[in-house]
Amino acid sequence: MGSYATYLKLINSTNKKISTSVSEVNSYDWDGVSRPDKNYNGITIGPNNSVENREELNSNSRGAWYRLTLTFDNGDVISFRNDQYDARNGIQSPRYYNIEGLQANNYLLIQQVDKDNAINIFTVVE
């Protein structure tokens with residue numbers, strides 16, 4: 001099975017710490033352990049910091065969906081679903097991304113893609 005190297009970057013542009021968790025991942029869509037449910041589960045991103053990890057896509061898959069949940073140190077919780085193939089396919093960028101959760105109106109999520117370097121970038125702001 002072949003694979004594609006992509007990257008997922010999460011930028012915390014808030015004044016709160018964020019803890020992350022990942023769900024709704026189909027193992028077929030990924031290759032190896034470079035996948036969001038392995039490298040974005042249980043991490044903490046400090047205020048005005050970022051984390052970037054490699055996400056290895058199965059080249060036989062048509063998509064690589066996941067749900068990323070962000071829990072802020074004030075108790076707010078938001079989440080979103082994304083297809084990591086955006087990093088390869090590109091999007092019209094920047095794009096204001098749909099977020100879910102009771103506190104979704106308190107935050108803005110901006111997605112950008114650097115297709116040349118296969119980086120899917122999400123910035124969360126208050």
Side-chain angles (χ1 to χ4, degrees):
M1 164 174 56
S3 64
Y4 301 121
T6 67
Y7 298 87
L8 175 60
K9 184 173 187 175
L10 183 59
I11 302 169
N12 177 5
S13 288
T14 75
N15 61 2
K16 301 172 181 77
K17 283 193 304 189
I18 297 174
S19 298
T20 64
S21 63
V22 177
S23 59
E24 300 178 27
V25 175
N26 182 337
S27 290
Y28 177 79
D29 299 337
W30 309 91
D31 188 34
V33 296
S34 294
R35 46 191 269 181
D37 60 329
K38 302 293 184 190
N39 55 29
Y40 276 93
N41 254 332
I43 66 167
T44 300
I45 305 169
N48 300 303
N49 280 304
S50 66
V51 171
E52 181 177 322
N53 286 304
R54 183 177 175 138
E55 310 299 337
E56 199 72 22
L57 304 177
N58 176 349
S59 62
N60 296 314
S61 177
R62 293 185 181 182
W65 287 90
Y66 61 93
R67 176 176 298 279
L68 186 59
T69 300
L70 308 176
T71 302
F72 297 84
D73 62 3
N74 69 347
D76 288 353
V77 179
I78 61 173
S79 71
F80 65 96
R81 281 186 44 80
N82 178 253
D83 183 357
Q84 182 61 18
Y85 261 86
D86 287 352
R88 286 188 46 81
N89 300 331
I91 62 163
Q92 184 175 357
S93 158
R95 171 167 71 178
Y96 295 97
Y97 213 79
N98 182 38
I99 53 178
E100 301 170 18
L102 295 176
Q103 296 86 15
N105 290 335
N106 297 341
Y107 301 94
L108 184 63
L109 187 66
I110 304 163
Q111 181 186 19
Q112 296 175 288
V113 169
D114 175 352
K115 188 176 173 187
D116 293 335
N117 295 301
I119 304 173
N120 197 8
I121 305 162
F122 285 95
T123 304
V124 61
V125 297
E126 293 181 273

Sequence neighbours left out, what passes side-chain contact (heavy atoms from CB on, under 4.5 Å) with [X]? Give chain and number order.
| X | answer |
| --- | --- |
| Asp116 | Asp114 |
| Asp73 | Lys16, Lys17 |
| Asn106 | Asp76, Gln103 |
| Thr20 | Leu10, Ile18, Tyr40, Ile43, Ile45, Leu68, Leu70 |

Hydrophobic clusters join Ile, Leu, Val, Met, Phe, Trp and Tyr when side-chain heavy atoms are under 4.5 Å apart, directly or via other members; which others share one with [X]?
| X | result |
| --- | --- |
| Ile110 | Tyr96, Leu108, Val125 |
| Val77 | none |
| Leu102 | none |

Hey, could you give me each pair passing salt bridge (charged side-chain N to carboxylate O under 4.0 Å, His left out) that has a residue in residues 39-55? Not counting sequence neighbours.
Arg54-Glu56
Can you sort out the partners of Asp83 under side-chain hydrogen bond (donor to acceptor under 3.5 Å, both in side chains), two or more places apart, ordered by chain and number?
none
Who passes side-chain hydrogen bond (donor to acceptor under 3.5 Å, both in side chains) against Asn12, sequence neighbours left out?
Thr14
Suppose the criterion is ring pair (Phe, Tyr, Trp, His ring centres under 6.0 Å): which pairs have a residue in residues 41-77, not counting sequence neighbours?
Phe72-Tyr107
Partner of Val113 by side chain to side chain contact (heavy atoms under 4.5 Å, CB included), out of Ile119, Thr6, Asn120:
Asn120
List in chain and number order the residues that pass ring-ring contact (aromatic ring centres under 6.0 Å, His included) with Phe80, two or more places apart in sequence or in another chain; answer none if no residue qualifies.
Tyr97, Phe122
Pair Glu100 + Arg81, salt bridge at N-O below 4.0 Å:
no
